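All values derive from a computational prediction rather than experimental measurement. All ligand and atom numbering here is 1-based and tracks the order in the structure.
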Amino acid sequence: MFERSREEYERACQYLPGGVNSPARSFSSVREEPVFIERAEGSKVYDIDGNEYIDFVSSWGPMLFGHCQEDVIEAVSEQLDKGTSFGAPTIVETEMAEEIADLIPTVDRVRMVNSGTEATMSAVRLARGYTGRDKIIKFTGNYHGHGDSFLIKAGSGPATLGLPDSPGVPEDLASLTISVPYNDEEAIQKVFEKEGDDIAAVILEPVAANMGVVPPQPGFLEFLRRITSEEGAVLIFDEVMTGFRVAAGGAQEYYEVEPDLTCLGKIIGAGFPVGAFGGKAEIMDEVAPKGPVYQAGTLSGNPLAMTAGLEMMKLIQQEGVYEELKNKSDYLREGMEELKREIDLPLSINQVGSLLSLFFTDERVVDYETATSSDTELYAEYFQNMLRGGIYIAPSQFEAMFVSAAHSREELDETLEVMEASLKELE
Ligand SMILES: *Cc1c(COP(=O)(O)O)cnc(C)c1O
């Protein structure tokens, strides 16, 4: 079934560390070798052995309307004829910024970058420059890309591979990052009591989605807003995952809590390498060349990526998009809840909008500790069964399942059938 993928993986391993360009693509934590993808369309991906899968990885989030969305492809093809990069201002960059500012009211100004990692790294530098303070608070199991300051008890790849800290991150730098449990107000209160004057920023995923999906408990985001305002720290919402996914205006619209800075990525690029950070004019005007906080990029605001992103911004503003996404995701979750009742396995389900997680634990998952109570051996076997059944989910317990507008009811039914068979084999 995977013959050609196996050969290509072996060849890739000779030239790429671990055979992949990003650890999340490795299937090592589910005791498999990765399948190589040839093409994708709508809700499906196709591998080089000719296998077809219903895709719930969605390029890790960007494909909110499925693969090869026609408006995106058409607009990018047109731009392609005009040039791929100029290193000079283009109108589409302003249009993109206008759209973002319209959709996310807390964003007056925005800087486009090339990845989510760049967005969070730059936002923290800005917060430090703006406050004149050095320390940051982050949450255990939240993932903010691979910037040095964030590889301290991080989610996603580091959680999957069991590498909470990375060699190569200097201790002096790591000591400036304070990691506290997600949803734990008391822990944050204590940090602020002790070192409030040194805290430049609190950064978090307003819905954690890199330790599996973990929603903020009621009042948690409001608490963070209040304490950061009182203490003069910058509140950064890392909405690289949640932006344009849980609502057009992201988690901050969904939960009605306003951060000072917002980081974006994934959906904003419609599958091109893009990130962005933005916020209040007062803070953003500290960014070079307007202000002294340096930030730059040869390919930032790339015309192909901006053109794709602009089409994405139009698509998400169509009538009823988020209702449809929610209905489909609710349908899937309800089916999963039914399986949970029928099947004799420890299962726990979390959902926020079109982000879902199935954990192999009896505990309600509210933070990293409860997320990691999941039986990852069971997940590995579940993953293998799903893959062979034609359902492509993340090769890790600590990633989300992404529902897109391209998933049909029939495909969701098929997914639930394969899920049922996959789980029953584990009983
Ligand atoms: C994916 C992700 C990032 C990193 O984005 P890259 O484009 O992979 O660098 C940062 N924060 C969150 C919340 C993410 O989900």
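No side-chain donor-acceptor contact under 3.5 Å links N142 and Y182. Looking at R364 and T370, their side chains never bring a donor and an acceptor atom within 3.5 Å of each other.
Distances between N or O atoms of T120 and those of ligand 1 include no value under 3.5 Å. For N210, a nitrogen or oxygen atom sits less than 3.5 Å from a nitrogen or oxygen atom of ligand 1, counting backbone and side chain alike.
The closest protein non-hydrogen atom to atom 11 (N) of ligand 1 is D238 OD2, 2.7 Å. In terms of protein heavy-atom proximity, atom 3 (C) of ligand 1 is nearest to V240 CG1, 3.7 Å. Among protein heavy atoms, atom 6 (P) of ligand 1 sits closest to G116 N, 3.5 Å.
A salt bridge is defined here as a Lys NZ or Arg NE, NH1 or NH2 lying under 4.0 Å from an Asp or Glu carboxylate O, and E8 with R11 meets this definition. By the 4.0 Å N-to-carboxylate-O rule, E78 lies too far from K82 to be salt-bridged with it. Look at R109 and E282 and you find no salt bridge, because none of the NZ, NE, NH1 or NH2 atoms lies under 4.0 Å from a carboxylate O. At a threshold of 4.0 Å, the pair K314-E99 does not count as salt-bridged, since none of the basic side-chain nitrogens sits closer than that to a carboxylate oxygen.
The shortest separation from a heavy atom of H146 to ligand 1 is not under 4.0 Å, leaving the residue out of contact.
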Candidate pair F383 and F27, rule ring pair (Phe, Tyr, Trp, His ring centres under 6.0 Å), full reasoning:
CA-CA 10 Å; F383 171 88; F27 283 14; 5.0 Å; yes
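Interface atoms of ligand 1 facing G145, defined by a heavy-atom separation under 4.0 Å, are 3 (C), 4 (C), 10 (C). Close contacts of ligand 1 with E205, meaning ligand atoms under 4.0 Å from a residue heavy atom, involve 13 (C). Counting the atoms of ligand 1 from 1 in the order shown, those under 4.0 Å from a heavy atom of S115 are 7 (O), 9 (O).
Per-atom contact check: atom 8 (O) of ligand 1 does not touch the protein, criterion being a heavy-atom distance below 4.0 Å.
In this comparison of M241, E118, K266, the heavy atom closest to atom 1 (C) of ligand 1 sits on K266.
Aromatic ring orientation, Y379 versus Y382: perpendicular (interplanar angle above 60°, classes split at 30° and 60°).
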